[in-house]
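The structure under discussion appears below in the form of structure tokens.
First listed ligand is number 1; within each ligand, the first listed atom is number 1. The basis for the numbers below is simple: all heavy atoms, side chains too, and nothing from hydrogens, waters or symmetry mates. Since this is a predicted model, take the numbers as computed values, not measurements. Heads up: numbering here begins at 1 and tracks the sequence.
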Amino acid sequence: MSESSWGDLFVISAPSGSGKTSLAKRILAELDAISFSISFTTRPPRGEEKPGREYHFVDEKQFRQMIAESRFLEWENVYGNYLYGTAEAPVNEALARNEDVLLDVDVKGARKVKTCRPEAILVFVMPPSYHELERRLRQRGLDSETQILSRLRIAGEEIKDYKMYDYLIVNRDIDESVSRLKAIILAVRSRSSRMERIGQAIVRTFGE
Ligand code: 5GP
């Protein structure tokens with residue numbers, strides 16, 4: 001019997017450059033029974049990204065078709081550029097397999113998920129400070145000066161919404177942040193409501 005009776009939905013948001021992607025990758029590598037929801041997006045692949053791995057890359061017509069067919073749990077126009085959306089069916093299928101699901105969505109997307117799935121657990125990842133985020137964005141060398149300034153401005157807007165989230169992780173050190181996120185996930189997995197099946201099975205071993 002699996003330890004849990006059913007899966008939970010974990011939503012993680014963070015300003016660009018906060019280390020959210022590394023954090024999510026470590027969690028997926030180090031915990032079992034958790035899968036990543038691969039979003040659909042109209043933005044083109046970047047760098048080493050592969051279709052179906054980081055994202056399902058589609059054109060706007062395909063994306064709009066999916067909206068018309070109500071296939072999204074949530075979707076957003078992120079930063080006024082491209083469309084991003086979480087397909088509902090794969091999330092439900094993973095939850096039904098007793099797996100937890102990790103969604104990486106922006107703040108607006110997280111708000112929508114909280115509305116339609118109030119039981120979802122929302123985790124916000126923050127950089128330790130404006131200056132540290134600036135240093136990290138410069139160090140990773142992916143963006144132009146204009147893009148860096150734009151990312152910092154957007155980050156300033158996004159972090160104001162952290163109180164909507166159930167948990168806040170300040171990403172000073174990746175190992176510590178991984179431990180914290182694991183602790184959050186394991187605490188949710190240990191809820192007595194989620195452990196009901198196994199709890200009942202143990203109670204039964206004591207007889208009537
Ligand atoms: P990027 O293009 O850098 O991979 O992602 C840009 C932003 O889009 C990030 O904040 C990321 O969390 C967000 N994002 C990725 N997938 C989704 C999604 O399915 N829905 C929403 N609302 N945001 C998403």
Side-chain angles (χ1 to χ4, degrees), residues 9-28 35-60 62-67 69-95 101-117 120-127 133 136-144 146-162 164-169 171 177 181:
L9 203 52
F10 291 88
V11 177
I12 180 166
S13 307
S16 172
S18 304
K20 176 185 56 175
T21 307
S22 317
L23 184 55
K25 279 192 182 150
R26 286 272 303 269
I27 289 297
L28 295 166
S35 60
F36 183 68
S37 163
I38 302 167
S39 295
F40 284 76
T41 183
T42 58
R43 89 149 160 74
R46 238 178 7 216
E48 302 285 290
E49 287 179 341
K50 287 212 169 64
R53 193 175 63 184
E54 284 80 10
Y55 285 104
H56 299 293
F57 297 97
V58 291
D59 61 28
E60 187 158 343
Q62 292 169 301
F63 198 99
R64 298 263 171 219
Q65 181 66 30
M66 289 183 73
I67 298 174
E69 291 167 359
S70 303
R71 286 175 55 194
F72 288 122
L73 178 65
E74 64 75 39
W75 66 271
E76 281 296 336
N77 184 333
V78 178
Y79 310 146
N81 285 330
Y82 295 108
L83 305 172
Y84 292 79
T86 308
E88 186 161 23
V91 168
N92 290 343
E93 283 157 18
L95 295 176
V101 180
L102 189 61
L103 304 187
D104 169 350
V105 301
D106 75 331
V107 173
K108 288 184 291 174
R111 188 172 286 118
K112 278 196 187 162
V113 174
K114 194 70 188 174
T115 307
C116 62
R117 302 280 172 109
I121 297 105
L122 271 53
V123 181
F124 194 82
V125 179
M126 248 193 215
L133 182 61
R136 289 183 193 172
L137 286 172
R138 290 193 192 289
Q139 192 182 37
R140 73 178 191 177
L142 287 178
D143 306 302
S144 67
T146 319
Q147 281 168 325
I148 289 174
L149 294 177
S150 157
R151 288 193 191 284
L152 287 167
R153 187 185 51 75
I154 292 166
E157 289 300 315
E158 288 176 329
I159 64 168
K160 287 184 194 148
D161 283 320
Y162 78 90
M164 173 183 85
Y165 289 74
D166 301 298
Y167 296 97
L168 171 65
I169 294 178
N171 190 16
S177 300
L181 186 50

task: Starting from atom 1 (P) of ligand 1, find the nearest protein heavy-atom neighbour and note its residue, name and distance.
output: Tyr55 OH, 3.5 Å
query: Can you tell me which residue and heavy atom of the protein come closest to atom 23 (N) of ligand 1, and the distance to 0.1 Å?
result: Asp106 N, 3.2 Å
message: One residue to check: Phe40. Relative to ligand 1, which of side chain, backbone, both or neither has a non-hydrogen atom less than 4.0 Å away?
response: neither
- prompt: By number and element, which atoms of ligand 1 are closer than 4.0 Å to a non-hydrogen atom of Val78?
  reply: 7 (C), 8 (O), 23 (N)
task: For atom 2 (O) of ligand 1, state which one of Tyr82, Trp75, Tyr84 supplies the nearest heavy atom.
output: Tyr84
query: What is the nearest protein non-hydrogen atom to atom 20 (N) of ligand 1, stated with its residue, atom name and distance?
result: Glu74 OE2, 2.7 Å
Ionic contact status for Lys114 with Asp166, cut-off 4.0 Å: yes
- request: For the pair Arg111 and Asp161, find out whether any cationic side-chain nitrogen is under 4.0 Å from an anionic carboxylate oxygen.
  value: yes
task: Examine the side chains of Arg140 and Ser16 and answer whether a donor and an acceptor come within less than 3.5 Å of each other.
output: yes
- request: Report yes or no: is the cationic atom of Lys108 (NZ for Lys, CZ for Arg) closer than 6.0 Å to the six-membered ring centre of Trp75, at no more than 45° off its axis?
  value: no
field: Heavy atoms from other residues, nucleotides or ligands near CZ of Arg71 exceed 12 (cutoff 6.0 Å)
entry: no
- request: Could you list which atoms of ligand 1 come closer than 4.0 Å to a heavy atom of Gly85?
  value: 18 (C), 19 (O)
task: Specify the protein heavy atom at minimum distance from atom 19 (O) of ligand 1: its residue, its atom name, and the distance to 0.1 Å.
output: Ser39 OG, 2.7 Å
message: Taking 4.0 Å as the limit for heavy-atom contacts, which would you say applies to Lys112 with ligand 1: side chain only, backbone only, both, or neither?
response: neither
message: Are Phe63 and Phe72 an aromatic pair, judged by ring center distance below 6.0 Å?
response: yes
- request: Please lay out, stage by stage, how Glu60 and Thr42 fare under the test side chain to side chain donor-acceptor pair (under 3.5 Å).
  value: CA-CA 6 Å; Glu60 187 158 343; Thr42 58; 5.6 Å; no
- prompt: Considering only heavy atoms of Glu76, which atoms of ligand 1 have at least one such atom less than 4.0 Å away?
  reply: 22 (N)
- request: Provide the number and element of each atom of ligand 1 under 4.0 Å from a heavy atom of Asp104.
  value: 11 (C), 12 (O), 14 (N), 15 (C), 16 (N), 17 (C), 24 (C)
- prompt: Side chain, backbone, both or neither: which part of Tyr79 has a heavy atom under 4.0 Å from ligand 1?
  reply: side chain
- line: Min over Glu54, Arg46, Lys20, Arg111 of heavy-atom distance to atom 9 (C) of ligand 1 lands on Lys20
message: Do the side chains of Arg53 and Glu48 get close enough for a salt bridge, i.e. N-O under 4.0 angstrom?
response: no
- prompt: Looking only at side chains, do Ser18 and Asn171 share a donor and an acceptor under 3.5 Å apart?
  reply: no
